[in-house]
Amino acid sequence: MESYGYVEREFLFRGCANIYETGKGGCPAVKYSGQSYTDRMVLRQPETLDRFSGRVVVEIVNSTANFDIDRVWAESCRYLMRNGDVFVGVTSKANVFPALKRFDAERYAELDWPNPSAEPVPDHDVSPIWSGPADQENGYIWDILTDVPAFLKSDDKQNPLKGWGVKYVYLTGWSQSCSYITQFVSSFEKKRQPCV
């Protein structure tokens with residue numbers, strides 16, 4: 001990255017999200033509202049603003065192996081850096097938290113998507129390797145996918161890209177992360193329209 005004039009920074013970020021269930025007409029319905037979480041993002045950007053293209057690529061980082069794999073970055077990094085694009089990788093599932101905490105318990109101690117229910121989170125996934133700890137709720141991702149792009153375009157004083165003039169934010173992923181995009185667009189963009 002240095003040869004392209006790029007730097008990498010990591011952030012833990014906090015927010016509040018709703019946890020959803022399937023409601024009337026297949027539209028998302030809020031099951032638990034205003035749940036606090038702490039997640040992680042990795043930001044790779046040009047060292048200087050004059051190299052920035054105005055484009056930010058947000059990758060829903062793949063969690064299939066129980067640790068974060070930023071495959072889109074791995075496949076596209078040279079292209080993104082040649083063009084002056086910013087890359088943001090967002091941790092997409094709580095099943096990677098144990099691996100991060102084993103790597104550095106202090107650094108990642110605050111990562112948390114707490115289960116708001118008294119019952120363990122059921123594993124609805126096809127493969128057991130995709131399930132996470134029973135005390136963690138994977139449903140935070142839907143509001144994270146809405147909030148992160150808005151935050152990166154905002155004037156919020158904590159936004160690492162504040163003043164950079166972000167024009168476009170693109171959402172991408174690899175493998176199961178692409179399924180997240182399909183679900184996000186079909187369910188959460190759909191909820192902006194009247195549901196019957």
Side-chain angles (χ1 to χ4, degrees), residues 1-2 4 6-15 17 19-20 35-45 56-81 85-117 119-149 151-152 160 169-188:
M1 290 193 318
E2 288 178 10
Y4 284 88
Y6 264 64
V7 294
E8 177 181 88
R9 298 187 291 161
E10 179 187 53
F11 300 92
L12 298 187
F13 62 96
R14 294 171 188 79
I19 307 300
Y20 300 91
Q35 301 299 304
S36 296
Y37 68 86
T38 304
D39 199 17
R40 168 183 179 264
M41 74 169 68
V42 174
L43 189 138
R44 298 177 181 123
Q45 67 186 93
V56 177
V57 175
V58 176
E59 178 177 357
I60 304 169
V61 178
N62 189 282
S63 64
T64 304
N66 292 319
F67 57 87
D68 280 340
I69 301 172
D70 49 357
R71 182 68 183 264
V72 171
W73 171 258
E75 298 291 333
S76 308
C77 62
R78 287 174 182 80
Y79 173 82
L80 296 173
M81 290 187 292
D85 300 335
V86 168
F87 171 87
V88 177
V90 177
T91 293
S92 65
K93 208 163 183 186
N95 68 317
V96 306
F97 293 170
L100 288 164
K101 291 177 181 184
R102 279 192 305 275
F103 175 73
D104 191 326
E106 183 178 343
R107 179 174 171 180
Y108 298 114
E110 294 180 36
L111 288 175
D112 193 24
W113 291 7
N115 176 6
S117 170
E119 300 296 320
V121 174
D123 179 16
H124 296 295
D125 293 319
V126 175
S127 168
I129 66 166
W130 291 353
S131 62
D135 66 340
Q136 299 288 290
E137 166 62 60
N138 288 317
Y140 289 89
I141 190 61
W142 307 118
D143 280 358
I144 289 170
L145 293 180
T146 300
D147 294 345
V148 165
F151 171 70
L152 294 171
V169 179
Y170 301 93
L171 186 62
T172 188
W174 186 274
S175 188
Q176 76 165 291
S177 299
C178 292
S179 299
Y180 277 40
I181 295 170
T182 302
Q183 184 70 39
F184 179 70
V185 170
S186 64
S187 294
F188 292 88

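FYI, side chains are in, hydrogens and waters are out, and symmetry mates aren't considered; it's all heavy atoms of this structure.
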Requested in this report: Dump the intermediate steps for side chain to side chain contact (heavy atoms under 4.5 Å, CB included) on Trp113 and Ile141, then the final yes or no.
Outcome: CA-CA 9 Å; Trp113 291 7; Ile141 190 61; 4.2 Å; yes
Requested in this report: Under the side-chain hydrogen bond (donor to acceptor under 3.5 Å, both in side chains) rule, collect the residues that match up with Tyr37, sequence neighbours excluded.
Outcome: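 Expected list: none.
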Within this structure, what is the [atom1]-[atom2] distance for the pair [X] and [Y], rounded to the nearest 0.5 Å?
| X | Y | atom1 | atom2 | result |
| --- | --- | --- | --- | --- |
| Thr38 | Asp112 | OG1 | CG | 6.5 Å |
| Thr64 | Arg71 | OG1 | CZ | 11.0 Å |
| Asp143 | Phe184 | CG | CZ | 8.5 Å |
| Cys178 | Gln183 | SG | CD | 13.5 Å |
| Arg44 | Arg9 | CZ | CZ | 13.0 Å |
| Ile181 | Leu145 | CD1 | CG | 8.5 Å |

Taking the side chain as every heavy atom from C-beta outward, state whether [X] and [Y] have any pair of such atoms under 4.5 Å apart.
| X | Y | result |
| --- | --- | --- |
| Glu59 | Ser177 | no |
| Val148 | Met41 | yes |
| Ile60 | Val90 | no |
| Val57 | Leu80 | yes |
| Glu10 | Arg107 | yes |
| Phe103 | Phe67 | no |
| Trp142 | Ile144 | no |
| Pro114 | Glu137 | no |

Query - Where Ile19 and Gly139 come nearest, the two heavy atoms and their spacing - result: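 Shortest heavy-atom separation between Ile19 and Gly139 comes out as CD1-C, 3.8 Å.
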Report summary line: Between Val7 and Met1 the two heavy atoms that sit nearest each other are C-CE, 4.1 Å
Query raised in the report: Taking the six-membered ring for Trp, are Trp73 and Tyr6 parallel (under 30°), tilted (30 to 60°) or perpendicular (over 60°)?
Result: tilted
Requested in this report: Decide yes or no on side chain to side chain contact (heavy atoms under 4.5 Å, CB included) for Val58 and Val169, but give the supporting numbers first.
Outcome: CA-CA 7 Å; Val58 176; Val169 179; 3.6 Å; yes
Report task. Could you go through the side chain to side chain contact (heavy atoms under 4.5 Å, CB included) check for Leu12 and Asp39 one step at a time? Result -> CA-CA 6 Å; Leu12 298 187; Asp39 199 17; over 6 Å; no
Query raised in the report: Does atom CZ of Arg78 have more than 12 heavy-atom neighbours, drawn from other residues, nucleotides or ligands, at distances under 6.0 Å?
Result: no
Can you check whether [Y]'s main-chain N or O pairs, donor with acceptor, with [X]'s side chain at less than 3.5 Å?
| X | Y | answer |
| --- | --- | --- |
| Tyr20 | Tyr140 | no |
| Asn138 | Ala94 | yes |
| Asn62 | Asp70 | no |

**Report entry** Test log, rule side chain to side chain contact (heavy atoms under 4.5 Å, CB included), inputs Cys77 and Phe87
**Finding:** CA-CA 9 Å; Cys77 62; Phe87 171 87; over 6 Å; no
**Report entry** Partners meeting side-chain contact (heavy atoms from CB on, under 4.5 Å) with Ala109 (sequence neighbours left out)
**Finding:**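 Applying side-chain contact (heavy atoms from CB on, under 4.5 Å) to Ala109 gives none.
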Query - Asp68: partners by side-chain contact (heavy atoms from CB on, under 4.5 Å), with sequence neighbours left out - result: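 With neighbours one apart ignored, the set is Arg40, Val61, Thr91, Val96, Leu100.
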Requested in this report: Give the intermediate values and the outcome of side chain to side chain donor-acceptor pair (under 3.5 Å) for residues Gln136 and Asn115.
Outcome: CA-CA 5 Å; Gln136 299 288 290; Asn115 176 6; over 6 Å; no
